[in-house]
Amino acid sequence: THPDLADGMMGRVQAINTKTHELAWNTDQLTPPSTGLLSTGGGLVFSGDLDPSLQAFDDATGEVLWEAPLDDIPSSSIITYVIDDIQYVALVVGMTNNWARDISTPFRRFSGTKGYPGDFGGASVSVFALAGME
């Protein structure tokens, strides 16, 4: 096993204070992120991971405010848009790409999971309304 797995956490989302160059917060996760992060003007940071899930963090504290299970690995950038005053967040899941494949290989090796984590539901677009979140 990987020497840093004593706590079972293989992923991390963290924020750096750009004024002080110091760690603002750190949130350890069971699985590594499989997407880039998306920050919003309303104080949320979104991240998709190999769990597979989509999470919303408080941008000031790193606290997980919301989590939604996905039917496959998130494999795209996360986007947000507004229609009729409702903000949405969307991402592609289940589309194997080099990043998803490359991050899942060491995860399987070090975590002991079998099979490819992206063999769940297949390619789709997941969209969530942010009503009441921001």
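Numbering starts at 1 and runs along the sequence shown.
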Practice item. For the residue pair Gln14 and Thr27, establish whether any side-chain heavy-atom pair is separated by less than 4.5 Å. Key: no
Residues 75-85 vs salt bridge (Lys or Arg N to Asp or Glu O under 4.0 Å), sequence neighbours excluded, gives none
When every non-hydrogen atom of Ala56 is compared with those of Phe46, the smallest separation belongs to CB-CE2, 3.6 Å
* Asked: Do any N or O atoms from the side chain of Asp49 and from the backbone of Pro52 form a donor-acceptor pair under 3.5 angstrom?
  -> no
Check whether any side-chain heavy atom of Leu38 sits under 4.5 Å from a side-chain heavy atom of Val45, and report yes or no.
no
Measure from the ring center of Phe128 to the ring center of Trp66 and say whether it is less than 6.0 Å.
yes
With distance as the sole criterion, is a donor-acceptor pair present between the side chains of Glu67 and Ser53 under 3.5 Å?
-> yes
Between Ser34 and Ile73, the two heavy atoms sitting closest are OG-CG2, 3.7 Å
Indicate yes or no for a side-chain donor-acceptor contact from Thr31 to the backbone of Asp51 under 3.5 Å, with no hydrogens or angles considered.
yes
_Validation row: Ile78, Leu54 side chains within 4.5 angstrom (heavy atoms)_ = yes
Exercise. Are Ser126 and Leu91 side-chain neighbours, meaning at least one heavy-atom pair lies under 4.5 Å?
Worked result: yes
**Study point:** Student check: side-chain heavy atoms of Val13 and Trp25 closer than 4.5 Å
**Key:** yes
May I ask you to test the Leu130-Val89 pair for a side-chain heavy-atom distance under 4.5 Å? yes
Check: What orientation do Tyr81 and Tyr88 show, parallel under 30°, tilted 30 to 60°, or perpendicular over 60°?
Finding: parallel
Sequence neighbours excluded, the answer for side chain to side chain contact (heavy atoms under 4.5 Å, CB included) partners of Thr61 is Asp58, Glu63
(request) Following the transitive rule for hydrophobic clusters with a side-chain heavy-atom cut-off under 4.5 Å over Ile, Leu, Val, Met, Phe, Trp and Tyr, establish whether Val82 and Ile86 coincide in one cluster. (result) no
Open item on the list: Set out, in order, the CA-CA distance, both residues' side-chain angles and the distance that settles side chain to side chain contact (heavy atoms under 4.5 Å, CB included) for Leu44 and Leu65, then state yes or no.
Closed with: CA-CA 9 Å; Leu44 299 176; Leu65 301 174; 3.6 Å; yes
- Quick one: do Val127 and Val92 end up in the same hydrophobic cluster if we chain Ile, Leu, Val, Met, Phe, Trp and Tyr together by side-chain heavy atoms under 4.5 Å apart? yes
Side chains of Ser124 and Asp72, heavy atoms from C-beta outward: is any pair under 4.5 Å?
no
Minimal heavy-atom distance between Gly94 and Ser75, with the atoms involved, is N-OG, 3.7 Å
Contacts satisfying salt bridge (Lys or Arg N to Asp or Glu O under 4.0 Å) that involve residues 21-41 (not counting sequence neighbours) are Arg12-Asp28
Cluster link Leu30 to Val64, ILVMFWY, side chain under 4.5 Å: no
